Amino acid sequence: MSDGRTHVSRLSVENIGKFEDLTLQLTPFTLLVGPNDAGKTTLLEALQTVCDHSSLDIKQIRRDVTRDTGRAPDASIEAIIENPPDDLADRANLEEGDAAGLKIEWEVTGDSEEDVYLESPDHSLRERVPEDERLHEWDYLADEEREILDAYDIDPGSNAAEREEQFEELKAEILENPEDTCLDWVSCGTREFGRLAPASEQIDTEDVDSPIKLLSKLLRQETKSFLYAEDEDGEKSGVDELVEIEEQATDALNERLESLSDRMERYLPGLDQITVDPDWSFVNGADLSNIVLRRDGEQIPLQELGGGTNARSALSMLEWSAEANEGKESVIRTMDEPDHRLHFDVQRRLINLLRSDISDEDSYLSQCIVSTHSLIMVDGTPLHEVVYLPEEVDTNDERAPLVSKGEAEAEDFMGNIMAGLGLSASWVYLERAMIVVEGATEHKYIEELYHQVTGSTLVEDGVQIWDSQGCGHIVKTLQRLQDSGRARTFVILDSDAKEETYSEDTLEDHLEDMYEVGGSEPELVWVGDKELEDTWEKDDLARLAEEHWPRADGNDWEEIHFQSVDGAEKPSDEIVDTIRSGCAQNIQDCPSVTKPNIGLKMGRLDDVEHPTEIVDIMEHVHEYCSQN
């Protein structure tokens with residue numbers, strides 16, 4: 001992802017919706033995930049409020065039963081903008097590398113819940129200003145004006161106009177020296193605030209369900225480039241030839257729609273044409289809902305398409321918009337659960353499309369923030385672009401991506417978390433618990449055993465098993481999962497892993513500092529004298545081999561055949577070698593003799609005395625998941 005695009009890096013809200021005080025760290029592409037009622041939609045709406053410089057309804061102010069009004073006394077929304085456009089950077093006197101800022105603040109007044117209302121909001125810009133707060137704004141009485149100018153050895157002018165000019169010259173001189181300045185919030189007029197706020201585009205579930213609504217929104221963005229285009233001399237077009245401008249804009253929009261017809265034809269065979277006949281109004285904006293689709297020569301209202309066709313058509317429109325608007329004005333897009341009713345394959349295409357739009361330097365989108373419950377979309381997004389929002393957050397909480405971009409780029413966190421370790425992004429925030437094991441044998445064994453021990457299934461309890469593949473990154477992985485994820489982690493490792501070292505200490509020292517060992521609520525167990533396999537009884541191994549891998553000599557498997565396992569350096573290897581050397585491998589339906597296969601079949605074997613440590617921790621996992 002490119003960080004050089006204009007985008008909101010931090011969104012802070014106070015007393016908005018359910019949030020008393022929350023800051024959200026955002027990347028150019030951000031996937032916002034979490035349970036229902038966590039406040040995802042509230043945060044998307046807050047960002048739109050700043051971008052659209054609009055007001056709030058009193059119902060959007062956080063409830064406070066301790067106050068007569070039933071609402072918090074004030075509210076604010078603040079957005080920090082990286083790589084601000086030139087007009088905003090110039091207006092705020094920003095230096096290279098400075099982040100711009102937009103803030104709207106509201107005051108709640110009234111005597112009761114029936115008599116409560118919002119005062120007109122105050123708008124502020126984050127500006128580079130002199131460190132001397134008296135020089136931020138010119139709003140003083142005559143004596144104070146003279147005092148300020150005297151302090152800087154300037155002979156005050158004889159009237160207010162002269163003194164204001166002296167003040168502005170002094171301020172401009174100080175701003176030339178960044179070391180004498182700082183970034184601070186300064187009041188800004190509503191109209192100017194609106195002119196400087198980044199353009200935005202809000203797409204929600206209803207838009208994906210309604211092609212007319214979605215296409216109308218996308219065409220509004222197109223319309224701006226026609227109505228507010230500059231002429232050859234760089235001057236804005238006048239409105240003295242409005243009719244001609246309307247006709248040109250209508251023709252241009254319909255010319256653009258020709259390429260959309262080509263894209264949608266794969267979902268609507270026989271599609272001939274899509275046209276729009278806008279009802280232009282330069283005061284209230286154009287009504288772009290009069291959209292006509294012709295299929296096999298007949299007119300079809302878009303609203304009469306089936307739900308599945310609507311969703312696929314919406315994806316085509318988004319693909320078309322990305323191409324049609326290349327090089328246009330930068331736009332911040334918010335999308336509230338766009339995956340609603342989309343097929344899995346379409347969800348995959350959608351997440352790939354949205355992320356590629358942001359990375360494309362020619363795209364008109366400079367930022368895209370998407371809330372979703374789709375595991376397909378979550379698992380298609382790197383962890384440094386996923387922000388998890390829990391159902392409850394603390395006051396002054398700050399929610400950041402699950403890993404930093406620096407960690408992801410350096411691959412310092414868990415190596416390659418997705419491909420190398422097979423840890424799905426959705427596991428980190430969705431599941432209730434994760435059982436961490438050392439290898440594939442333990443994975444298969446515990447996967448089979450869980451239902452026998454608990455009477456429940458892993459899916460029902462919301463449990464995933466993660467094969468850490470030899471413990472190479474396990475300490476850092478578990479630390480991150482504890483810090484950032486919702487899932488609680490439980491660890492089952494072979495005892496021979498205790499002496500592995502990590503940062504000069506043993507793995508045993510690290511993990512036993514992190515987890516509860518033994519007791520009524522175990523979180524970490526070490527299995528076997530060396531490995532899981534040496535906990536299995538010899539008669540169980542003989543029964544298992546007899547059932548699946550009969551001996552080539554025709555004799556039965558006996559306990560004595562597995563006595564060598566006790567003294568082996570690697571009991572698991574010894575079991576495999578013993579069975580391979582003794583079984584009739586020429587039998588076609590004889591399953592392959594591998595550690596994972598042996599683990600799987602041992603987990604299924606009846607009447608086995610399984611290790612008490614594993615049984616205890618599984619019962620505790622089940623109890624925890626049942627309560628959460």
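Here the structure is a predicted model, which means the values were calculated and not measured.
A donor and an acceptor atom, one from each side chain of Ser371 and Asp336, are located under 3.5 Å apart. Side-chain atoms of Glu201 and Tyr364 include a donor-acceptor pair closer than 3.5 Å. A donor-acceptor pair shorter than 3.5 Å cannot be found between the side chains of Thr334 and Gln202. In the model, Asn597 has no side-chain atom that pairs as donor or acceptor with a side-chain atom of His548 under 3.5 Å. Judged by distance alone, the side chains of Ser456 and Glu460 do bring a donor and an acceptor atom under 3.5 Å apart. Side chains of Asp461 and Tyr450: a donor on one and an acceptor on the other come within 3.5 Å.
Contact between Val387 and Gln25 at its shortest, heavy atoms only, is CG2-O, 3.6 Å. In this structure, Leu44 and Met335 approach most closely via the heavy-atom pair CD1-O, 3.6 Å. Nearest heavy atoms, Ser9 versus Glu82: OG-OE2, 3.0 Å. When every heavy atom of Gly528 is checked against every heavy atom of Thr535, the shortest pair comes out as CA-CG2, 3.4 Å. Smallest separation of non-hydrogen atoms from Gln48 and Ser200: OE1-OG, 2.9 Å. Across all non-hydrogen atoms, the minimal contact from Val378 to Leu31 is CA-CD2, 3.5 Å.
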*Chi angles and distances behind the side chain to side chain donor-acceptor pair (under 3.5 Å) call for Glu385, Thr30*: CA-CA 5 Å; Glu385 295 173 355; Thr30 301; over 6 Å; no
Given Trp466 and Thr489, is the side-chain contact (heavy atoms from CB on, under 4.5 Å) satisfied, shown in steps? CA-CA 10 Å; Trp466 176 48; Thr489 52; over 6 Å; no
- Query: Is there a side-chain contact (heavy atoms from CB on, under 4.5 Å) between Phe490 and Ile465 once you walk through the steps?
  - Reply: CA-CA 9 Å; Phe490 300 85; Ile465 301 176; over 6 Å; no
- Message: For Arg355 and Thr381: C-alpha separation, side-chain torsions, deciding distance, then whether side-chain contact (heavy atoms from CB on, under 4.5 Å) applies.
- Response: CA-CA 8 Å; Arg355 294 189 66 248; Thr381 306; 4.3 Å; yes
_side-chain contact (heavy atoms from CB on, under 4.5 Å) assessment of Ile492 paired with Ile614_ = CA-CA 7 Å; Ile492 301 174; Ile614 292 180; 4.2 Å; yes
Assess whether side chain to side chain donor-acceptor pair (under 3.5 Å) is satisfied between Thr372 and Asp339, documenting all intermediate values. CA-CA 7 Å; Thr372 184; Asp339 50 280; 2.7 Å; yes
When you look at Ser564 and Glu574, which way does the side chain to side chain donor-acceptor pair (under 3.5 Å) test go after all the steps?
-> CA-CA 7 Å; Ser564 59; Glu574 185 66 22; 2.8 Å; yes
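Contact of the Asp494 side chain with the Glu442 side chain is registered, since non-hydrogen atoms from C-beta on lie closer than 4.5 Å. Leu389 has its side chain out of reach of Val33: every pair of non-hydrogen atoms, C-beta onward, lies at least 4.5 Å apart. The closest side-chain heavy-atom distance from Ile77 to Ile16 is below 4.5 Å.
Contacts of Glu20 classified as salt bridge (charged side-chain N to carboxylate O under 4.0 Å, His left out), with partners at least two apart in sequence or in another chain: none. Annotation: ring pair (Phe, Tyr, Trp, His ring centres under 6.0 Å) contacts of His510 (sequence neighbours excluded): Tyr502.
Between the side chain of Ser366 and the backbone N or O of Thr6 there is at least one donor-acceptor pair closer than 3.5 Å. Remark: side-chain polar atoms of Arg580 are paired, donor with acceptor, to backbone N or O of Val593 under 3.5 angstrom. In this structure, the side chain of Lys40 engages the main chain of Pro35 through a donor-acceptor pair within 3.5 Å. The closest donor-acceptor contact from the side chain of Ser363 to the backbone of Asp360 lies at 3.5 Å or more, if one exists at all. Checking side-chain atoms of Glu523 against main-chain N and O of Glu516 turns up a donor-acceptor pair under 3.5 Å. In this structure a side-chain-to-backbone donor-acceptor pair under 3.5 Å is present from Asp553 to Asn555. Thr441 places no side-chain N or O within donor-acceptor distance of the main-chain N or O of Gly599, the cut-off being under 3.5 Å. Judged by distance alone, with hydrogens and angles left aside, the side-chain atoms of Ser581 form a donor-acceptor pair with the main-chain N or O of Asp577 at under 3.5 Å. Counting only distance, with no hydrogens or angles, the side chain of Arg333 and the backbone of Ile203 share no donor-acceptor pair below 3.5 Å. Distance alone, capped at 3.5 Å, is enough to place a donor-acceptor pair between the Gln367 side chain and the Thr27 backbone.
Counting heavy atoms of neighbouring residues, nucleotides and ligands inside a 6.0 Å radius, atom CG of Asp37 does not exceed 12 of them.
Listed by first and then second residue, the salt bridge (Lys or Arg N to Asp or Glu O under 4.0 Å) pairs that reach into residues 524-536 are Glu531-Lys570, sequence neighbours excluded. Pairs engaging residues 515-546 under the ring-ring contact (aromatic ring centres under 6.0 Å, His included) rule: Tyr445-Trp536 [sequence neighbours left out]. Sorted by first and then second residue, the salt bridge (Lys or Arg N to Asp or Glu O under 4.0 Å) pairs involving residues 387-397 (not counting sequence neighbours) are Asp397-Arg399.
Contact check on Arg10 versus Glu78 returns no salt bridge, with no Lys/Arg side-chain nitrogen under 4.0 Å from an Asp/Glu carboxylate oxygen. The pair Arg62-Glu14 does not count as a salt bridge, with every side-chain nitrogen at least 4.0 angstrom from each carboxylate oxygen.
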Residues 538-545, side-chain donor-acceptor partners within the protein, below 3.5 Å, at least two apart:
unit_1: Lys538; atom_1: NZ; unit_2: Asp566; atom_2: OD1; d: 2.8
unit_1: Asp540; atom_1: OD1; unit_2: Arg543; atom_2: NH2; d: 3.0
unit_1: Arg543; atom_1: NH1; unit_2: Asp606; atom_2: O; d: 3.3
unit_1: Arg543; atom_1: NH2; unit_2: Asp606; atom_2: O; d: 3.0
unit_1: Arg543; atom_1: NH2; unit_2: Asp607; atom_2: O; d: 3.3

